[in-house]
Amino acid sequence: MATTNSEVVSNKQVILKNFVNGFLKESDMYLKTDSISLKVEQGSNAVIIKNLYLSCDPYMRNRMTPVDNPNYFPTYPPGSPIEGFGVGKVVESEYPELKKGDLVWGVTGWEEYTLINNPQTLFKIQHTDVPLSYYTGILGMPGITAWAGFYEICAPKKGEYVYISSASGAVGQLVGQFAKLLGCYVVGSAGTKEKVELLKNKFGFDDAFNYKEEHDLNAALKRCFPEGIDIYFEHVGGKMLDAVLVNMRVRGRIAACGMISQYNLEHTEGVHNMINIIYKRLRIEGILAFDYFPQYAKFLEVVLPFVREGKVVYVEDIAESLENAPLIGLFSGQNVGKQVVVVARE
């Protein structure tokens, strides 16, 4: 790392060029090298972290479009570094709860170093006997999403029929394994043969199918669930959600985590089978992880033993360096498992 003096270093950043319409392109972002002081103002409560791992997540696409929604993350300002969840090491702190050398996870910039003025939003990492990158996934935001969406929103029971779309991703792979541990029948869908095999052979799903090879999603779901679906963990939206609604059982539950089929569309698709919500007395609830951040300690009590005992496995797709950050590939299904960018290995 080039240093201009003892307190200022160069700082590579991923910058959003302009707001995005349609599919995300390489030209919508660019790499810039800036500089940053590694000292913070006394009494400011701020911290500076050196970013180690960054999390590529589908929701980030929504923040590249100017949507005024006070209930969601704010839009990225063009000309500024994008941000997302990541793992870092504190290099300077005026915040009493964090000291130099502490490892943390939370929202940070897509850059080598980030000045964080509200460090109370960061989680101090207490358990380092697992890979640090897991705090971008199974022990971070995606893990909390899977845990809360499945156990809290879906209220599962042993023997129920569970379907997960985009099932090999950061959240889906966990929901499926949680469901199997409870004794549910689990089917997932994904977009390649490799991912379908991963679901069945690595994550222990009872069945899986490649949605791209199915000309009739309704028929595919009837084949996999002849008695219907009790729980649907939604990542896709659009035509998939339409087909699921027809195949839900009475008093089924749907946890709506994402709608990735819609993120790049200028005009989103409608859903036509909504009457089934009434006929079947369905419950649909959206989930945002930050609603459950206050329960993080409870979440760790459940999930950390799963990891340590090998009851849950986690697959990551690792990219080295900001220059190779594969955010665009996330929307075309190029990643296999949780997409992580390594900025530095300490």
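FYI, the numbering just counts along the sequence from 1. Here the structure is a predicted model, which means the values were calculated and not measured.
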Main chain of [Y], side chain of [X]: is a donor-acceptor contact present, judged purely on distance under 3.5 Å?
X: Lys193; Y: Asn210; answer: no
X: Asn273; Y: Leu245; answer: no
X: Arg253; Y: Ile284; answer: no
X: Asn11; Y: Ser35; answer: no

Separation of Lys50 NZ from Tyr113 OH (nearest 0.5 Å)
4.5 Å
If you link ILVMFWY side chains whenever their heavy atoms are less than 4.5 Å apart, which other residues fall into the same cluster as Val104? By chain and number, please.
Val47, Ile49, Val90, Tyr95, Leu98, Ile116, Leu122
Taking C-beta and beyond as the side chain, do Ile229 and Val162 meet within less than 4.5 Å on heavy atoms?
no
Heavy-atom side-chain proximity of Glu94 to Gln42 below 4.5 angstrom
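SC-SC contact between Glu94 and Gln42 confirmed.
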Determine whether the aromatic ring centres of Phe290 and Phe73 lie less than 6.0 Å apart.
yes
ring-ring contact (aromatic ring centres under 6.0 Å, His included) against Tyr134, all qualifying residues, sequence neighbours excluded
Tyr314
Output yes when Glu214 and Lys239 qualify as a salt bridge under the 4.0 Å nitrogen-oxygen rule, no when they do not.
no
For residues 182-190, please give each side-chain donor-acceptor pair under 3.5 Å, one per line with the distance, not counting sequence neighbours.
residue	atom	partner	partner atom	Å
Ser189	OG	Tyr163	OH	2.7

Run the side-chain contact (heavy atoms from CB on, under 4.5 Å) test against Phe19 and tell me which residues pass, sequence neighbours left out.
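Listed in chain order: Pro66, Thr75, Pro78.
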Table please: side-chain donor-acceptor pairs of residues 293-304 below 3.5 Å, with sequence neighbours left out.
residue	atom	partner	partner atom	Å
Tyr296	OH	Trp105	NE1	3.2
Tyr296	OH	Leu139	O	2.7

Donor-acceptor contacts, no H, no angles, side chain residues 164-179, under 3.5 Å, sequence neighbours left out:
residue	atom	partner	partner atom	Å
Ser165	OG	Tyr232	OH	2.9
Ser165	OG	His235	N	3.1
Gln173	OE1	Val315	N	3.0
Gln173	NE2	Gly169	O	3.2
Gln173	NE2	Val315	O	3.2
Gln177	OE1	Val313	N	2.8
Gln177	NE2	Gln173	O	3.0
Gln177	NE2	Val313	O	2.8

